[in-house]
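What follows is a short report on a single structure.
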Protein chains: 2
Amino acid sequence: MKQDATSKLALNTYTKLMRGAESVTVRVGRKMSDAGLTISQFGVLEALLHKGPMCQRDVASKILKSTGNITLVIDNLEKQGLVQRERSLEDRRYCTVLLTEKGRGLIEATFAEVEAAIVAEMGVLTDAEQETLGKLCKKLGLREG
Amino acid sequence: MKQDATSKLALNTYTKLMRGAESVTVRVGRKMSDAGLTISQFGVLEALLHKGPMCQRDVASKILKSTGNITLVIDNLEKQGLVQRERSLEDRRYCTVLLTEKGRGLIEATFAEVEAAIVAEMGVLTDAEQETLGKLCKKLGLREG
DNA sequence: CCATAACGATTAAATGTCAAACTATTTTTT
DNA sequence: AAAAAATAGTTTGACATTTAATCGTTATGG
């Protein structure tokens, strides 16, 4: 294939990937904002729900954000009474972050909504297409950063 | 397929799509920040380079951002002398945004870098795989928002 | 013609984002 | 054990982003 055609195909694919991911993100994100949560806040609560209490560093790596950012997100969640910080006794550098009852209730309900939205979004693809999409996206993610 | 398996596949596909798109974005975005541009700034300059001068509303829809946002992004580009605003004479509500010489030089050089990065990213997929990925992503983007 | 609606741009407030500098604490080295 | 390095978290500064409110301009229906 000529160099120019290669570039064209790559740019085209890139654009479609970005637009597709973006529009899914926007529509799924609406379920989160309906619940009064930002995407980051949802990510933090979801991690705590499914993985249990963890320190901020682990939260950050779980949702692929910087630790400086996590501090703020957790600040805001704490203000709303959705999570709680506990300074570790063994190693006082660590904060363990855990869900409050209120936080657990909210994320359980919201997660169900979001899950349904994701299933609906992906429902435009057959199972086989989803498998294929997953494999291709995984390949793209594997390169070194 | 059982409902549970359907959900699991959808969630799995969703996660891979998000991670794949995110990691490509980060790596390609690095070329932009190397040039001192944010992703949005790059998007604005790129639109102006390839589509010619346009009003802010068109810029906004081109890069899928709100008009309030565009005002700020263009403010910052203008401060750096990369673009220029011109209030339209026929209809004074419109601002035409156009590239300066400096802006044109920067975006031409940066676009080449970014294009190369995109080609490299997509290069992990065969041409056929890229076609497939493009089609699947397009399907995902088509739903009503 | 004039009141009002529509429209483009701007501004403001809230949140998020990263990078870099900084603090507190623990571990490692010497 | 003291000094140095590493680690977790916080703070700060610059930019981004959205939504909603506002300003100025243009179009439209009575």
Side-chain angles (χ1 to χ4, degrees), chain A residues 18 22-23 25-45 53-80 82-98 145, chain B residues 18 22-23 25-45 53-80 82-98 145:
Chain A
M18 292 302 139
E22 172 70 9
S23 65
T25 299
V26 166
R27 291 190 296 257
V28 170
R30 206 162 288 150
K31 298 296 174 188
M32 301 174 192
S33 57
D34 285 350
L37 295 174
T38 65
I39 292 180
S40 289
Q41 289 175 342
F42 176 87
V44 170
L45 296 181
M54 62 179 83
C55 72
Q56 296 190 185
R57 169 156 281 281
D58 290 344
V59 174
S61 73
K62 204 93 199 88
I63 68 171
L64 306 174
K65 294 291 150 60
S66 71
T67 69
N69 188 13
I70 287 306
T71 295
L72 177 63
V73 174
I74 290 179
D75 280 352
N76 289 330
L77 287 173
E78 205 171 29
K79 275 180 206 151
Q80 296 175 59
L82 300 173
V83 304
Q84 198 178 334
R85 276 182 173 100
E86 270 177 17
R87 188 63 71 166
S88 165
L89 297 179
E90 309 114 45
D91 187 334
R92 296 169 44 73
R93 288 172 302 185
Y94 288 74
C95 273
T96 301
V97 185
L98 36 89
Chain B
M18 293 302 140
E22 170 71 9
S23 66
T25 299
V26 166
R27 291 191 294 258
V28 170
R30 207 162 287 150
K31 299 296 175 189
M32 303 174 192
S33 58
D34 285 351
L37 296 173
T38 66
I39 292 179
S40 289
Q41 289 174 342
F42 176 88
V44 170
L45 295 181
M54 62 180 82
C55 72
Q56 296 190 186
R57 168 156 283 281
D58 291 343
V59 174
S61 73
K62 205 91 200 88
I63 69 170
L64 305 175
K65 295 289 150 62
S66 70
T67 69
N69 187 12
I70 289 305
T71 295
L72 176 64
V73 173
I74 290 179
D75 279 352
N76 289 330
L77 288 172
E78 205 173 29
K79 275 180 206 153
Q80 295 175 60
L82 299 173
V83 304
Q84 198 178 332
R85 277 183 172 100
E86 269 177 18
R87 186 64 70 167
S88 166
L89 297 178
E90 309 112 47
D91 189 333
R92 295 170 47 70
R93 288 173 299 184
Y94 288 73
C95 270
T96 301
V97 186
L98 36 89

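None of the values given here were measured: they were computed from a predicted structure. Quick note on labels: first sequence line is chain A, next is B, and so on, each numbered from 1.
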Revision key, fill the gap. So, with a heavy-atom separation below 4.0 Å from DNA chain D, the residues of residues 60-68 of chain A are A/Thr67, A/Gly68
**Study point:** Set of residues satisfying salt bridge (charged side-chain N to carboxylate O under 4.0 Å, His left out) with respect to B/Glu22, sequence neighbours excluded
**Key:** none
**Study point:** Rounded interatomic separation in angstrom, taking CG from A/Leu72 and C1' from D/dT11
**Key:** 11 Å
Point to revise | Base versus backbone protein contacts along nucleotides 1-6 of chain D [heavy-atom cut-off under 4.0 Å; B, S, -] | key: -----B
Using atom types as modelled, flag every donor-acceptor pair under 3.5 Å from a side chain in residues 61-68 of chain B to any protein atom, sequence neighbours excluded.
unit_1: B/Ser61; atom_1: OG; unit_2: B/Asp58; atom_2: O; d: 3.2
unit_1: B/Ser66; atom_1: OG; unit_2: B/Asn69; atom_2: N; d: 3.3

Practice item. Starting at atom CD1 of B/Ile39, determine the distance to atom C1' of C/dG16, rounded to an integer number of angstrom. Key: 14 Å
Check your understanding: Taking only residues two or more places apart in sequence, or in another chain, which ones meet A/Asp91 in a salt bridge (charged side-chain N to carboxylate O under 4.0 Å, His left out)?
Key -> A/Arg93
**Study point:** Residue mapping more 5' on DNA chain C - nearest nucleotide basis, A/Glu90 or A/Gln80
**Key:** A/Gln80
Practice item. Return the value, rounded to whole Å, for the distance between atom CG of B/Asn69 and atom C1' of C/dT17. Key: 13 Å
Check your understanding: How many Å lie between CG on A/Asp58 and C1' on D/dG9, as a whole number?
Key -> 13 Å
**Study point:** Qualifying residues under side chain to side chain contact (heavy atoms under 4.5 Å, CB included), relative to B/Ser23, sequence neighbours excluded
**Key:** B/Arg27
Exercise for review: Would you indicate, yes or no, if D/dT10 has its OP1 or OP2 atom less than 4.0 angstrom from a side-chain nitrogen or oxygen of A/Arg57?
Suggested key: no
